[in-house]
Amino acid sequence: MNVLLGLGGSDESVKTLRRTIERTQDVGDDLTVVIVDKPESKRSQDETYQMAVDRLKDVGLDEITVEKLEGDPGSALVNYAEQGEFDQLVIGGGTLSPMGKIQLGPITEFVLLNAPTTVKLVR
């Protein structure tokens with residue numbers, strides 16, 4: 001499967017990267033990682049990029065493409081997905097409300113509604 005992983009610098013992104021790496025190792029997916037620019041995130045785009053490169057290198061997946069995307073995070077991710085032949089787009093996101101229902105942020109919601117491929121939401 002050709003998988004596109006979108007990261008944004010949050011703790012959810014770290015967990016999403018870890019889980020996607022595990023799956024890639026288990027089943028041999030073709031993986032592309034893109035880092036969106038979210039100024040409100042815990043980590044900068046450069047820090048997130050370096051973290052992804054380091055983690056991939058640590059597990060022997062240093063041949064995987066890691067790129068930074070500019071512009072609005074949701075639009076940049078959807079546009080990148082439209083340009084490639086990806087089977088799945090993986091993103092982190094979503095929190096639980098006090099009633100136990102999932103709450104999506106605006107970027108996650110935009111990607112879910114506009115992505116040209118299946119979206120896997122890692123929580």
Side-chain angles (χ1 to χ4, degrees):
M1 188 178 325
N2 194 5
V3 177
L4 175 62
L5 170 61
L7 301 176
S10 66
D11 289 339
E12 291 169 342
S13 288
V14 175
K15 181 169 68 171
T16 303
L17 176 62
R18 181 180 46 82
R19 287 189 178 175
T20 305
I21 287 173
E22 289 170 2
R23 178 180 160 81
T24 299
Q25 291 176 306
D26 289 345
V27 300
D29 288 337
D30 292 325
L31 179 63
T32 301
V33 180
V34 291
I35 315 298
V36 297
D37 187 19
K38 289 178 59 180
E40 71 276 5
S41 289
K42 195 175 200 178
R43 293 165 194 82
S44 71
Q45 188 179 32
D46 290 335
E47 289 171 317
T48 305
Y49 175 88
Q50 195 57 52
M51 176 204 56
V53 168
D54 291 344
R55 292 208 179 186
L56 289 165
K57 188 179 287 188
D58 289 346
V59 297
L61 296 174
D62 49 343
E63 75 283 355
I64 289 177
T65 300
V66 181
E67 295 185 35
K68 295 180 199 175
L69 301 182
E70 300 300 323
D72 176 72
S75 297
L77 193 51
V78 168
N79 288 340
Y80 194 94
E82 287 174 343
Q83 294 173 12
E85 293 184 20
F86 298 101
D87 301 307
Q88 188 176 70
L89 169 58
V90 180
I91 57 173
T95 58
L96 291 180
S97 74
M99 298 293 290
K101 295 188 177 191
I102 189 168
Q103 295 176 314
L104 302 175
I107 296 169
T108 302
E109 185 176 340
F110 180 86
V111 172
L112 286 170
L113 293 173
N114 294 287
T117 188
T118 301
V119 178
K120 178 179 180 179
L121 183 63
V122 177
R123 302 189 297 123

Quiz item: If you round to the nearest 0.5 Å, how far is CG of Asp26 from CD1 of Ile21?
Solution: 12.0 Å

Quiz item: Linking I/L/V/M/F/W/Y whenever their side-chain heavy atoms sit closer than 4.5 Å, directly or via other members, would Phe86 and Val111 fall into one cluster?
Solution: yes

Practice problem: May I ask whether Ile35 and Ile91 are part of the same hydrophobic cluster, defined by side-chain heavy atoms of I, L, V, M, F, W, Y residues being less than 4.5 angstrom apart, directly or through others? | Solution: no

Quiz item: Rounded to the nearest 0.5 Å, how far apart are OG1 of Thr16 and CG of Asp11?
Solution: 10.5 Å

Quiz item: How about Glu70 and Gln45: do any of their side-chain heavy atoms sit closer than 4.5 Å?
Solution: yes

Quiz item: Same hydrophobic cluster for Leu121 and Leu77, using side-chain heavy-atom links shorter than 4.5 Å among ILVMFWY?
Solution: yes

Quiz item: Taking atom CD1 of Ile64 and atom CZ of Arg55, what is their separation to the nearest 0.5 Å?
Solution: 14.0 Å

Quiz item: If only atom types and distance count, is the side chain of Asn2 paired as donor or acceptor with the main-chain N or O of Asp87 below 3.5 Å?
Solution: no

Quiz item: For Lys57, does the NZ atom sit with more than 12 other heavy atoms under 6.0 Å from it, leaving out its own atoms?
Solution: no

Quiz item: If Ile, Leu, Val, Met, Phe, Trp and Tyr residues are connected whenever their side-chain heavy atoms lie under 4.5 Å apart, and connections chain through other members, are Leu7 and Val59 in the same group?
Solution: yes

Practice problem: Determine the sole option in Ser41, Pro73, Ser13, Ser75 for which the side-chain contact (heavy atoms from CB on, under 4.5 Å) test with Val36 is passed. | Solution: Pro73

Exercise. Report the distance from atom NZ of Lys120 to atom CZ of Arg23, rounding to the nearest 0.5 Å.
Key: 5.5 Å

Exercise. Go through Glu22 and Arg18 one step at a time and tell me if the side chain to side chain contact (heavy atoms under 4.5 Å, CB included) criterion holds.
Key: CA-CA 6 Å; Glu22 289 170 2; Arg18 181 180 46 82; 3.5 Å; yes

Self-check item: More than 12 heavy atoms from other groups under 6.0 Å of CD on Glu85
Solution: no

Quiz item: So, do Lys68 and Asp46 sit near enough that their side-chain heavy atoms are less than 4.5 Å apart?
Solution: yes

Exercise. Using modelled atom types only, decide if a donor and an acceptor are shared between the side chain of Thr32 and the backbone of Thr65 within a distance under 3.5 Å.
Key: no

Quiz item: Can you name the nearest heavy-atom pair linking Val33 to Ala52, along with the distance?
Solution: CG1-CB, 4.4 Å

Self-check item: Non-hydrogen side-chain atoms of Thr24 and Met1 separated by less than 4.5 Å
Solution: no

Self-check item: Shortest non-hydrogen contact from Arg43 toward Gly9
Solution: NH1-O, 3.0 Å

Quiz item: Are any non-hydrogen side-chain atoms of Leu96 and Arg123 less than 4.5 angstrom apart?
Solution: yes

Quiz item: Could you state the interatomic distance from OG1 (Thr108) to CG (Leu113), rounded to the nearest 0.5 Å?
Solution: 10.5 Å

Practice problem: Any chance you could lay out the side chain to side chain contact (heavy atoms under 4.5 Å, CB included) test for Lys38 and Thr48, step after step, and finish with the verdict? | Solution: CA-CA 10 Å; Lys38 289 178 59 180; Thr48 305; over 6 Å; no

Practice problem: For Gln88 and Leu5, run side chain to side chain contact (heavy atoms under 4.5 Å, CB included): C-alpha distance rounded to whole Å, both residues' side-chain angles, the deciding distance at 0.1 Å, then the answer. | Solution: CA-CA 8 Å; Gln88 188 176 70; Leu5 170 61; over 6 Å; no

Quiz item: Sub-3.5 Å donor-acceptor pair from the side chain of Thr117 to the main-chain atoms of Leu89, do we have one?
Solution: no

Quiz item: Taking side chain as C-beta onward, heavy atoms only, is Arg19 less than 4.5 Å from Val90?
Solution: no

Quiz item: Taking a hydrophobic cluster as the set of Ile, Leu, Val, Met, Phe, Trp and Tyr residues connected by side-chain heavy atoms closer than 4.5 Å, whether directly or through intermediates, do Tyr49 and Leu56 fall within one such cluster?
Solution: yes

Exercise. Kindly determine whether Glu63 and Leu61 satisfy side chain to side chain contact (heavy atoms under 4.5 Å, CB included), including the steps that lead there.
Key: CA-CA 6 Å; Glu63 75 283 355; Leu61 296 174; 4.1 Å; yes

